Amino acid sequence: MSVSTIVNIQKNLGRYGLSTLIVLGNVGNILTILIFIRTLIKKSNSCTCYLLAASITNLILINTSLISTVYGVDHVDPQHTSIVVCKLRWYGGQILLMLSRSFMIAACIDRWALTSPHVKIRSFCRPKIACNVILCLMLIWPIIPVHMAIFINNYSGHCGAPSYYAFAFSIYLFIFIGFLPPCLMIFFGVLAWHNLRQIRSRIAPRRNLTQTRFHKADRDLMRMLAGEVLVYVVTTVVYPANVLYGFITTPITQQKSEMRLAIESLVGYIVSPLLNYIYCVAPFYVYMICSIRFRSDFIRLIRRQPIR
């Protein structure tokens, strides 16, 4: 396989792979937003608030950062010619990505709180508190990655991080993308499943239909969250590892062959943006697989029927 072949594979992944993600992401997130809005109108639910906020964030991210990435495949990428676009692409994209992840973490914590035997912890699961948490996260995340707006810049016609900032940037990505989000999602997800099993063992055999529906709805939401956490771990954790590899091998860049550089570029492109954006595209399709209730709500939406 020649270098030119690898370069063409990368370009085709951008043209057709990312374009497919744009279509699937827009369709999936718009449908998810409509379903969750109808659900909240029928009955407010704190976890649904977090999932709705994540879907809206994903939709914005797909139609800003992802579209601009696809445009740069066959055109001069604006981030390499404009300092403003360069900083917005990295800083703004990071804010949206971390908001989406934070909303998912909040949803996992919400499910754990709902299944807690302690009344004070269960009181966290209220739509009013969910809205306050969402607002706080929207205020916090523009502050945390502000270092990217400062150090990311155009250097010799290429938008990126300077060498003196690369190590700190790699550590930041490892902590805030590769370590904390999956650990928190998995930790609170496991606690929620544990609490749910305890609840089921304590419930008497005789229970009314309302209780049955309540627990089925909550188990559905937990399955949806579990599926999305799995997608996150599979598609996102390798990103900081790739960034760290790039930093470690920077001193020997001039010693690398053209073939090695082309392969590393292809792998980096698959890791980000391809895998990185799959997480923003996948929720609707994960929900359809994991949740019977979500599928039935989708069918009612298509048929213009009210949800139950």
Side-chain angles (χ1 to χ4, degrees), residues 25-26 28-66 88 91-116 120-146 148-149 176-177 180-189 191-192 217-218 220-229 231-232 236 276-277 279-284 286-287 291 294 297 307:
N26 274 290
N29 282 295
I30 289 173
L31 289 173
T32 301
I33 290 168
L34 293 176
I35 291 172
F36 283 154
I37 288 176
R38 283 161 55 92
T39 302
L40 288 173
I41 291 174
K42 180 70 175 181
K43 182 181 179 181
S44 59
N45 181 289
S46 53
C47 185
T48 305
C49 291
Y50 294 123
L51 298 181
L52 174 61
S55 296
I56 293 173
T57 305
N58 291 338
L59 185 65
I60 296 172
L61 185 64
I62 288 168
N63 288 289
T64 51
S65 295
L66 187 53
L88 281 177
Y91 174 63
Q94 182 68 10
I95 292 173
L96 293 171
L97 282 168
M98 294 312 301
L99 278 175
S100 177
R101 292 159 183 155
S102 298
F103 293 146
M104 286 304 305
I105 294 172
C108 292
I109 296 174
D110 178 270
R111 293 298 88 185
W112 162 73
L114 180 69
T115 58
S116 172
K120 288 185 177 180
I121 296 178
R122 288 200 303 271
S123 65
F124 175 79
C125 305
R126 289 183 292 169
K128 183 178 180 180
I129 292 180
C131 292
N132 290 335
V133 171
I134 291 169
L135 180 60
C136 288
L137 290 172
M138 292 175 63
L139 294 175
I140 291 172
W141 271 113
I143 299 173
I144 295 177
V146 72
M148 296 178 65
F176 286 97
I177 297 179
L180 281 181
C183 286
L184 291 173
M185 290 178 186
I186 294 171
F187 177 72
F188 285 104
L191 288 180
D218 287 319
D220 257 10
L221 281 172
M222 293 181 73
R223 281 194 292 267
M224 291 161 62
L225 283 173
E228 194 159 358
V229 170
V231 171
Y232 178 87
T236 310
N276 215 12
Y277 282 106
Y279 168 74
C280 302
V281 173
F284 171 78
V286 172
Y287 300 159
S291 172
F294 189 85
D297 287 344
I307 63 172

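These numbers were taken from a predicted model, which means no experiment stands behind them.
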With side chain to side chain contact (heavy atoms under 4.5 Å, CB included) as the test, would you mind laying out the steps for Arg111 and Phe188 before giving the verdict?
CA-CA 8 Å; Arg111 293 298 88 185; Phe188 285 104; over 6 Å; no
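- A distance of 11.5 Å separates CD1 in Ile109 from CD1 in Ile121, rounded to the nearest 0.5 Å.
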Stepwise side chain to side chain contact (heavy atoms under 4.5 Å, CB included) test for Ser65 and Tyr277:
CA-CA 10 Å; Ser65 295; Tyr277 282 106; 3.0 Å; yes
Assess whether side chain to side chain contact (heavy atoms under 4.5 Å, CB included) is satisfied between Phe36 and Tyr287, documenting all intermediate values.
CA-CA 12 Å; Phe36 283 154; Tyr287 300 159; 3.8 Å; yes
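- The minimum heavy-atom distance between Met185 and Met104, with the atom names listed, is CE-CB, 3.7 Å.
- Under a 3.5 Å cut-off, the side chain of Tyr232 and the backbone N or O of Pro181 do not form any donor-acceptor pair.
- In this structure, the side chain of Ser116 does not engage the main chain of Ala113 through any donor-acceptor pair within 3.5 Å.
- Tyr50 has its ring centre no less than 6.0 Å from the ring centre of Phe103.
- Not counting sequence neighbours, the partners of Arg38 by the side chain to side chain contact (heavy atoms under 4.5 Å, CB included) test are Arg300, Leu301, Ile307.
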I'd like to know whether Leu225 forms a side chain to side chain contact (heavy atoms under 4.5 Å, CB included) with Leu51, so could you lay out the CA-CA distance, the side-chain angles of the two residues, the decisive distance to 0.1 Å, and finally the verdict.
CA-CA 9 Å; Leu225 283 173; Leu51 298 181; 3.8 Å; yes
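- Considering every non-hydrogen atom in both Tyr279 and Val231, the closest pair reads CA-CG1, 4.3 Å.
- Summarising the geometry of Thr236 relative to Arg101, their closest heavy-atom pair is CG2-NH2, 3.5 Å, with the distance given to 0.1 Å.
- Between the side chain of Thr32 and the backbone N or O of Gly28 there is at least one donor-acceptor pair closer than 3.5 Å.
- To the nearest 0.5 Å, atoms CD1 (Ile177) and CG (Leu97) are separated by 7.0 Å.
- In plain terms, the two heavy atoms of Asn29 and Ser55 that are nearest each other are OD1-O, 3.5 Å.
- Taking both residues in full, the closest heavy atoms of Pro145 and Ile95 are given as CG-CG1, 4.0 Å, listed atom of the first, atom of the second, then distance.
- Rounding to the nearest 0.5 Å places CG of Asn276 at 10.5 Å from CG of Leu66.
- Residues Leu96 and Thr57 approach most closely at O-CG2, 3.1 Å, considering heavy atoms.
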